[in-house]
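Take a look at the structure set out below.
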Amino acid sequence: MTAVEHEAWPSNGADTDVADGAGIAWIDVCAVDRVIPDCGIAVLVGDEPVAVFRLSAFDGGPEEWCAVGHVDPIAGIPVMARGLVGTIGEAPLVVPTVASPLHKQRYNLRTGECLDDPTVDLPTFPVRLHTGRVEVGAPVTPT
Amino acid sequence: MSPVANTSDISVGSNGLMETRSATVKSRSSQRRVVVVGNGMVGQRFVDDMVERADGAWEIVVIGEEPIGAYDRVALSTWFDGASDDDLSLCDEAELRALGVDFRFGRRVDAIDRDAAEVTLDDGSSLTFDHLVLATGSYPFVPPVPGHDTAGCFVYRTLEDLRQIRDWSTTDGGEGGGESPSPTGVVVGGGLLGLEAANALQNLGLRTHVVEMADRLMPQQLDPAASAMLRRWVDELDITTHLGFATKEIEASVAPDGTKRVAGLRGADGDLIDADIVVFSAGIRPRHQIAEACGLEIGERGGVVVDDRCTTSDERISAIGEVACHGGRTYGLVGPGYTMARVLADRLCGGTSTFEGADLSTKLKLLGVDVASFGDSTLHDGDDHVVFADPTSKVHRRVALRDGTVVGGVLVGDASNYEALHAMATGSMVSANVAALVLPDGLSDVEVAELPDSAQLCSCNNVLRGDVKTAIGHGCHDLASLKSETTAGTGCGGCMPGLSALLTSELEARGVAVDRSLCSHFAHSRQELFDIVRFHRHRSWTEVVRAHGTGRGCEICRPTVASILSSLSAGYVLGGDQAGLQDTNDRSLANMQRNGTYSVIPRVPGGEITPAQLIELGQIANDFDLYVKITGGQRIDLLGAQLHELPAIWQRVLDAGMESGHAYGKALRTVKSCVGDTWCRYGVQDSVSMAIEIERRYRGLRAPHKLKSAVSGCTRECAEAQSKDFGVIATEVGWNLYLCGNGGRVPRHAELFATDLNDEELIRYLDRFLMFYIRTADRLERTAPWFDKLEGGMDYLRSVVIDDVLGICDDLEADMAAHVESYECEWAATLADPDRLDQFIEFVNAPDANSTPVWVTERGQRVPASAGAAR
Ligand SMILES: Cc1cc2nc3c(=O)[nH]c(=O)nc-3n(C[C@H](O)[C@H](O)[C@H](O)COP(=O)(O)OP(=O)(O)OC[C@H]3O[C@@H](n4cnc5c(N)ncnc54)[C@H](O)[C@@H]3O)c2cc1C
Ligand code: SF4
């Protein structure tokens, strides 16, 4: 599996506006190869549990990386990285999803929106690949 | 469920908790209070309807005598097949409490003071009401014969009754591995509920008798000929029937310490039937006592008299369900009660709907037999009858015509066309083609699609065909949404086939393609996909989705393909690109629990375990502080393991000589066994060795759904093999094989497939049967529903598996041989590979950090704190 390397991977739509690096601290979480395609892993960004997903390429598109909160917002339990990934929608509007392993609600991995329950969502985080490493962005609060 | 807090402090206005709770809904002053007495099926339906409609205008207080919230009494007997209290529950207590409903369980209303508009509870407290709803149901009538209250006499109405019946009959040797011959149970009353109770006793392993005073079974519903046909079914179940038997006395035996217990029933003519347990099921009586005591009008034959609004003789008091007497009659069925609940909720919310009586037509499965009666089912002189009666298939179908119009009838053994005949009897469909309709299933069938819209489709909830069509028109294009929108099919479930047929025909009529495809990524059914994967010898998800699917798949197709690949022995379930396909449980090789921790269930083949292994499991549980529970399948469940602890725990399990139990997968679970002829005095074969052989052979076999099995050492059937996907019962000369049963929510008896097989034949047929099922079943389809769809039923299955009419048996056996060959313990494979162990690190960038679930201690063991909160 060849991982496309980018200086700043604009993964999560919600965060692209700050992805220029200004308000973001990039935290190295692991090697790219540590993440099995179409599986999630959990990492700690500060003390916040974050789920990082590597979505394999299909239909000639690129591989995609997403990061969302690891805590299931309905149950309050840190399990999202252990959910099953999938896609919904038809080309070209294909959206990657993850289903909570507890009660199977699906979330849009790009926006964090819950597709089955509009009252909850997951926070999203920018991800980028840098020299073979995966980095997750954490917002820096200016002091 | 724990008792409700604050029950001692419930006089009006003094309950701070209540104040705040209702304040979140609407300010207290503008709210009126409705007090519901009784939290049975109908009382609960009323609460649900109110919560949906009242919009906070009413404060709802529910007083229920039983210790838990409402449960499905109609499905009560499934409790004996393993349905838990939770499975049966109809009361979403936590959610309703959050919405402001105040439940007080384990409390009884003892008196009503109409002047003060106040009820008094059994703890002496009182509670005022603006409106009072009586939903107190019925109690079972116990004939006042001498000895009727001897220890060992029971009734059959509540979960508590069932618990007592089970405890009494099992402490008496029913489960003791055959130490004493099975005890005898006698049911007094051969009506609908009596037969259901008899079936339950029979399933508990008792020798069962039914005594009925009338000259036939179900005298209320069935005419003599139909009843005689039902009798054949009952005889076949080895239940002994005594008709025309008037119980004169319950005889007791007296132990040396003076305690008495049931010994038998003495009939009016002096006959004695020995009995270790007696269950009275001699009819029900409305529980109208508190209404009577406060002067409300009571019907001639009991019940609180109500008008079309369900209002009693006091405007502020209503009665619904079995306790209500409407138009001079009470209804012992849940359907009319549900209608009353809906009418009353509508009224209290300003509506004007009315209850105009209901008809007593029913269609149900009794002892696994279809029994239905509709319209006027009694025999009248001058009516014409169209009758189909076939003693070999034990089917009796009679339809009565008056002046050429269907007026009623009874169906035993086969209730097909019930909907159409019922529609004709109630006047919503013109009587035509009656002779054809009377023929049983298969010989003729009027499609539900051809019924008029006014025909009733679901009798439990009185849902009409037109209601279902409207819902389909509003976009309910699958059964789940159709059920929740219309409530059809949420009662006994008998109407599901009709519902699904109507859905298909309506969608086809609307030009909506009826999609049998797995999901949006594969245009194939599971069966087609299985054949494709097998034919092309695909070995990975990527190959399958590239060649036959689109996109990246989803949570439906990914695990399905994983299961197919695994059934076709493509190796380790987490190998290749398969890890990302697996459901969470398969991925972690453990079952995720409510708080994100996992359960560990090692395989204990046949339920046989050495003391050393047992000690080590206990030691592991101690060391990791795991909660321990014995499962229904003769294994030991260790709960509460965190992700990062799983490898260490499993290493110790493997070191103790055990292996993965696949409790996390859709795969073979357990093969239960009794001790068999090694120990048991009754045993005729070595059931343990056979169970172990079967479990070892099929362990790890991935299937569309979980598979359970059992082997009993003789026909006493202590291992309950007939409730399994495949069950084996020893005979003097070999093994009887039963197929396609299950426990759970909708239990099914397995059916006899073949008798007196030798060891080799047994395994050969099992190989073929299992692979045939795995190849052809739908996703998540258990063996019973799969079997139901096989045209030709058991005969067809025999022709495939024994006579090989499809010519596929060699393939099936080869596929199974490949599975047996390639089996490896998934945990052993995982522990042997450091890369795979990485999966069990919780936070990849902080291997030493782990989230900490919140625990509490319950009965000396550690359980999730969230469980306590939910109660
Ligand atoms: C084994 C069995 C099988 C059945 N099968 C079918 C079937 O196939 N189809 C069908 O239509 N019907 C069936 N029925 C009947 C059906 O269950 C009843 O019609 C239905 O439960 C009636 O509901 P209800 O709320 O009126 O009464 P119930 O469900 O009996 O509820 C009344 C509740 O009120 C409580 N209560 C009574 N007095 C007081 C008081 N003073 N204070 C507080 N609480 C009180 C009782 O403890 C009880 O919990 C079956 C019944 C049984 C027992
Ligand atoms: S052999 Fe098995 S089934 Fe038969 S009585 Fe003994 S324990 Fe029960």
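Every chain is numbered from 1, with letters handed out A, B, ... down the list of sequences.
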Top residue by heavy-atom pair count (under 4.5 Å) with chain B, among A/Gly76, A/Ala42, A/Cys30? A/Ala42
Among A/Leu55, A/Val79, A/Ile41, single out the residue with the greatest number of heavy-atom pairs under 4.5 Å to chain B. A/Leu55
Part of A/His70 lying under 4.5 Å from any heavy atom of chain B: side chain
Using the six-membered ring wherever Trp is involved, compare the ring planes of B/Trp650 and B/Trp827 and label them parallel, tilted or perpendicular (cut-offs 30° and 60°). parallel
Answer yes or no: is there a side-chain heavy-atom contact under 4.5 Å between B/Ile649 and B/Leu626? yes
Give a yes or no on whether the backbone of B/Gly661 and the side-chain of B/Arg669 come within a donor-acceptor separation of less than 3.5 Å. no
Based on non-hydrogen pairs under 4.5 Å, which of A/Ile27, A/Val29, A/Thr97 is most in contact with chain B? A/Val29
If you apply the rule salt bridge (charged side-chain N to carboxylate O under 4.0 Å, His left out), what do you find for B/Lys629 with B/Asp637, and how did you get there? CA-CA 5 Å; B/Lys629 178 98 175 56; B/Asp637 195 352; over 6 Å; no
